[in-house]
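Lettering follows sequence order; numbering is per chain, from 1.
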Amino acid sequence: MACWLLKSEPDVFGYPDLVRAGREAWNGVRNYQARNFLREMRGGDLCLFYHSNARPSGVAGVARVVRAAYPDDLQFDPASPYHDPRSDPAAPRWSMVDVEPVAELPRVVPLETLRALPEWQSSPLVCRGTRLSVLPVTPAQFRAALAAGGSDLPGLFLNPA
DNA sequence: GCCAACGTTGGC
DNA sequence: GCCAACGTTGGC
């Protein structure tokens, strides 16, 4: 099982929205590197749900992938801001996955806190200028983030490093 | 294939 | 709201 981080602006779609929805298609990703990560996701993978453009920005909860990558329908919707007229329906350019909520963290883990964790030093998230909205995280990073957020999720989610 | 212009992301 | 960083576009 792999671990990931998904960014979303809480003003648009925050972790509480995912809880309310119960399940959501993670669509609208229009960056090739992020798309490639989406395509690597498998059912059961866990994701840190990161609030960007927030006060403070940080990890708000945990989500689980419940459906692996399939074509993002918005790319073929002319009314959508995510419409991509150059995408070929026979070979869709953009993908999405479905995710469901697992648990909200008792405390949001701000970016500043992540930066201070030894496990996160190597993550693209803490590098300035990184705009990736989907990125892999290591099990150690995942556990460290949960611990910083006061989560008591059973450790059986993840094998010790 | 280069590269300048432009748009977007996202922290602050 | 500012602006640095970066990806994409399109002229040549």
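C:dG7 atom C1' lies 14 Å from atom CG of A:Asn36, rounded to whole Å. C:dA5 atom C1' lies 15 Å from atom CG of A:Leu125, rounded to whole Å. As rounded to whole Å, 14 Å separates atom C1' of C:dG7 from atom CZ of A:Arg93. Spacing between atom CD of A:Glu9 and atom P of B:dG10 amounts to 7 Å, rounded to whole angstrom units. Atoms CD (A:Gln33) and P (B:dT8) sit 20 Å apart, rounded to a whole Å. In this structure, the CG atom of A:Asn31 is 12 Å from the P atom of C:dT9, given to the nearest Å. Between A:Tyr82 atom OH and B:dT8 atom P there is a gap of 11 Å when expressed in whole angstrom units. Taking atom CG of residue A:Leu6 and atom P of nucleotide B:dG10, one finds them 12 Å apart after rounding to whole Å.
Taking 4.5 Å as the limit, every side-chain heavy atom of A:Met96 sits out of range of all side-chain heavy atoms of A:Arg67.
In terms of position on DNA chain C, the residue among A:Arg128 and A:Asn53 whose nearest nucleotide sits closer to the 5' end is A:Asn53.
Taking only side-chain nitrogens and oxygens, A:Lys7 comes nearer than 4.0 Å to OP1 or OP2 of B:dG10. A close approach under 4.0 Å does occur between a side-chain nitrogen or oxygen of A:Tyr50 and OP1 or OP2 of B:dG11. Here A:Arg86 does not reach the OP1 or OP2 of C:dT8: none of its side-chain N or O atoms lies under 4.0 Å away. Contact check, A:Arg131 against B:dT8: no side-chain N or O comes under 4.0 Å of OP1 or OP2.
Applying the 6.0 Å contact sphere to CZ of A:Phe13 captures more than 12 heavy atoms from other residues, nucleotides or ligands.
Among the heavy atoms of the strands lying under 4.0 Å from A:Arg115 are primed sugar atoms or P, OP1, OP2 only; no base atom is included.
A salt bridge links A:Glu100 and A:Arg64; the closest N-O separation between the charged side-chain nitrogens and carboxylate oxygens is under 4.0 Å. Between A:Arg93 and A:Asp84, at least one side-chain N (NZ, or NE/NH1/NH2) sits under 4.0 Å from a carboxylate O, which counts as a salt bridge.
Separation of the A:Trp94 and A:Tyr70 ring centroids does not fall under the 6.0 Å cut-off.
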